[in-house]
Amino acid sequence: MALTREQLAQRVAQELQDGYYVNLGIGIPTLVANYVPEGMEVMLQSENGLLGMGQFPTEDEIDADLINAGKQTVTMATGASLFDSATSFAMIRGGHVDLTVLGAFEVDVNGNIASYMIPGKLIKGMGGAMDLVAGADNIIVTMTHASKHGVSKLLSNCTLPLTGKGCIKKVITDLAYIEIKEGKFHLIERAPGVSIEEIIALTAGELVIPDNVPEMNV
Amino acid sequence: MSGFDKVVTSYEEAMAGLEDNMTVIAGGFGLCGIPEGLIAQIEKMGTKGLTVASNNCGVDNFGLGLLLPKRQIKKIIASYVGENAEFERQMMSGELEVQLTPQGTLAEQMRAGGAGIPAFFTATGVGTPVAEGKEERNINGRDYILEEAITGDFAIVKAWKADRYGNLVFRHTARNFNPMAATAGKITVVEVEEIVEPGELDPNEIHTPGIYVNRLIKGNFEKRIEQRTVRSV
C-alpha cells in the first residue's frame, strides 16, 4: 500500500536528529513536526522570521503578529528567537539549517527540482524555495511518486521550470525512499506492501535497484 | 516637524510627494506587518503606474490588493503572489507585470539597496528562470548569479512601537521585510501602533535606528489573519 500523508511524514521524521535546526515546507513537510521522536529536540525555522516555532495556538493564544511561512497562526517554542527576513535567509543561504524538507512537482536523475510553477496554470511564485534548495546541503523532497493519473514525477529531465539545479539527493515518496547520485535514482526502501515492479512502473528516470530493498519502518 | 521629530499627523502628509510611476518598497509578509493605513492612503490618492517591491501583494480588497482594482500597480516584484483573483486576472491578461523573485534574494536586494551595495552574487536561482539575462560567475567552484539591489522612491513600513525620533521596534513575525524596507526608501514612511517620547525605548532593543525614518504616523490596524489555525484543547 502507498503511504498515507501521515505515514510519509512519519518516515521523514526518522531522518531527524537531536539538536537539528529544521525548515519544513508547506503541505506534507509541515506534518513532520507531529512525529518528532520522543526525547529528541529539534528547532523549527520559519523563513518569515522565527526560529523555534511552536504548535498552533488555542483560540485565546491567537496573535495576528505571529504566523508561519504558510501564513498560519502559530506559537513560539521555549527558546525561540525572532528576526527579519534578511537574517532568516542568511541562515538558509548560509547553510546553517541542518535539514530542509519540501514538496515538489518533479525531480530528475540529475537532482534538479521543479516545485513552483506550472506555466499557464499555476504561477504563484517560489517564495523561499529557491533559497532553501540553493542553501541547504541536507534536503529531503516529499511528494507522491506519481500523479493521480499515474504520470511519474521522478523523471530523466524535469519538464517544468526549475526551482534548483543539481541540489536534490533524497526523495521520499508514498512508494519509496530514493537517493540520487551519479545521474541515477537509487531505490533504498519501499513502502510496506509495495512491490519493486510497481515502483519501476511509476519511475520514469533510470532506477538502480539493489539486491535487497527493505520495507520502510512506518 | 522640527529637529529629529518625525511624527506627522495625517496620512496626506505621510504620503505627500508620491507621484505616478514611482517605485514603492513595502514591508510585510502576507497580511502580517503591513502598513495598512499607508496603503489605503495610496489607494485614496489614486497614484498610478507604481512599481511595488513587496514579498506578497495582499488579498482581494486588503493590503496591497487594494491598489489592484484601479490598476495603480504597473509592476510588482514579489516572491509569492496570486492569493487574490484580481491579481491573477491582471497577471494573466498582461496588464500587470510580475517579476517573481526568490524571497531571500528580495530581502537581500532591499538590504543591499539600503546599505549602498549595488549588487551581490547568490547561488539562489542558478539554472532556473530567475537566472535568465543575469551575469553568472563561478567562485571557488560554485556558480552564482548577480542580483541588483532595490531602492525605492518611497518605502512604506509597519512597526510596533517608535519614539518620535523614528527609532523602531517590531513585534514577533510582523518584523519580516520591514527593517530592510525601512533602509531602502529615499523617503521612508513608518506606520506604528504606538509612539512614545525619545528616551522611553531602551536603546539596546531598537531594531531600526531613526536615521532611516523620514515620517512617522500612528495608525489603527485591523491585522487581518489569512490562515486562522488553532489546535483543539
Side-chain angles (χ1 to χ4, degrees), chain A residues 46-50 53-76 80 82-93 112-114 116-117 119-120 122-135 161-167, chain B residues 27 29-33 55-56 78-83 88 91-92 98 100-108 110-112 122-131 143-144 160 170-181 207-208 221-233:
Chain A
S46 188
E47 62 262 30
N48 56 319
L50 169 61
M53 182 164 53
Q55 51 191 340
F56 292 127
T58 61
E59 279 290 344
D60 292 345
E61 289 171 334
I62 284 183
D63 186 333
D65 287 341
L66 191 55
I67 63 169
N68 65 16
K71 294 161 192 156
Q72 295 170 306
T73 44
V74 291
T75 59
M76 290 186 274
L82 296 156
F83 35 85
D84 63 58
S85 300
T87 305
S88 180
F89 281 93
M91 289 175 197
I92 290 167
R93 216 188 295 103
N112 297 325
I113 174 173
Y116 84 100
M117 192 208 273
L122 176 83
I123 313 175
K124 292 203 169 197
M126 66 292 282
M130 282 194 183
D131 303 281
L132 282 159
V133 298
L162 296 184
T163 307
K165 197 178 159 188
C167 49
Chain B
F29 183 95
L31 301 180
C32 183
N55 191 54
N56 316 90
S79 85
Y80 193 82
V81 293
E83 297 288 9
E88 207 156 322
M91 177 170 70
M92 290 304 198
V98 180
L100 290 176
T101 300
Q103 196 173 140
T105 295
L106 183 60
E108 195 64 12
M110 292 182 193
R111 198 195 71 79
T122 177
T124 301
V126 169
T128 77
V130 166
D143 291 330
Y144 298 87
W160 179 29
F170 302 94
R171 185 170 178 275
H172 295 353
T173 56
R175 191 182 322 183
N176 56 63
F177 282 77
N178 281 298
M180 284 75 64
H207 296 129
T208 293
F221 296 87
E222 178 186 332
K223 294 199 185 179
R224 200 181 287 187
I225 293 172
E226 258 177 285
Q227 305 284 343
R228 194 181 185 87
T229 317
V230 293
R231 70 172 191 272
S232 44
V233 278

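Numbers restart at 1 for each chain; the letters A, B, ... are given by sequence-line order, proteins then strands.
Between A/D131 and B/T124, the side chains place a donor N or O and an acceptor N or O closer than 3.5 Å (distance only, hydrogens not considered).
To the nearest 0.5 Å, atom OG1 of residue A/T87 and atom CE of residue B/M180 are 7.0 Å apart. How far CZ of A/F83 is from CG of B/N176: 11.5 Å, rounded to the nearest 0.5 Å. Atoms CG and CZ, on A/N48 and B/F177 in that order, are 9.5 Å from each other to the nearest 0.5 Å. Between the OH atom of A/Y116 and the OG1 atom of B/T128 there is a distance of 5.5 Å, given to the nearest 0.5 Å. Note that CE of B/M110 is 8.5 Å distant from OG of A/S85, once rounded to the nearest 0.5 Å. Atom-to-atom distance recorded for A/K124:NZ and B/E88:CD is 6.0 Å, nearest 0.5 angstrom.
Taking A/G127, A/G49, A/A134, A/G128 one by one and counting their heavy-atom pairs under 4.5 Å with chain B, the maximum is reached by A/G127. Heavy-atom pairs under 4.5 Å with chain A peak, among B/E108, B/M91, B/R228, at B/R228. For the options B/A78, B/A123, B/G125, B/C32, heavy-atom pairs under 4.5 Å to chain A are most numerous at B/C32. Between chain A and the options B/G104, B/A107, B/G33, heavy-atom pairs under 4.5 Å are most frequent for B/G104.
Scanning for side-chain contact (heavy atoms from CB on, under 4.5 Å) contacts around A/K71 gives A/I67, B/F29, B/N56, B/Y80, B/E83, B/E226, B/Q227, with sequence neighbours left out. B/S79 pairs by the side-chain contact (heavy atoms from CB on, under 4.5 Å) definition with B/N55, B/Q103, not counting sequence neighbours.
Shown here for A/M117 and B/L100, the closest heavy-atom pair between the two residues is CE-CD1, 4.3 Å. B/P179 and A/D84 make their closest contact through CG-CB, 3.8 Å (heavy atoms, listed as atom of the first residue, atom of the second, distance).
In this structure, chain A has no heavy atom under 4.5 Å from any part of B/S232. Heavy atoms of A/I123 lying under 4.5 Å from chain B belong to its backbone as well as its side chain. Looking at A/S88, there are no atoms closer than 4.5 Å to chain B (heavy atoms on both sides), in backbone or side chain. Contacts between A/N68 and chain B at a heavy-atom distance below 4.5 Å involve the backbone alone (N, CA, C, O). For chain A, the nearby parts of B/V81 are the backbone and the side chain; heavy atoms of each come within less than 4.5 Å. Contact of A/E61 with chain B is made through the side chain alone, with heavy-atom distances under 4.5 Å. Within the 4.5 angstrom heavy-atom criterion, only side-chain atoms of B/M92, from C-beta onward, approach chain A.
Put simply, the side chain of A/I62 reaches to within 4.5 Å of the side chain of B/I225, judged on heavy atoms. Between B/V230 and A/F56, the closest side-chain pair of non-hydrogen atoms is not below 4.5 Å. Side-chain atoms of A/D63 and B/R171, non-hydrogen and from C-beta on, do get closer than 4.5 Å to each other.
A donor-acceptor distance shorter than 3.5 angstrom exists from the side chain of B/T173 to the backbone of A/D65, with no hydrogens or angles considered. Counting only distance, with no hydrogens or angles, the side chain of B/R111 and the backbone of A/A86 share no donor-acceptor pair below 3.5 Å.
Between B/R231 and A/E59, none of the side-chain N atoms (NZ, or NE/NH1/NH2) sits under 4.0 Å from a carboxylate O, so this pair counts as no salt bridge. For A/K165 and B/D143, the salt-bridge test fails: no basic side-chain N is under 4.0 Å from an acidic carboxylate O.
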Residue pair B/T101, A/M126: steps toward the side chain to side chain contact (heavy atoms under 4.5 Å, CB included) verdict: CA-CA 7 Å; B/T101 300; A/M126 66 292 282; 5.7 Å; no
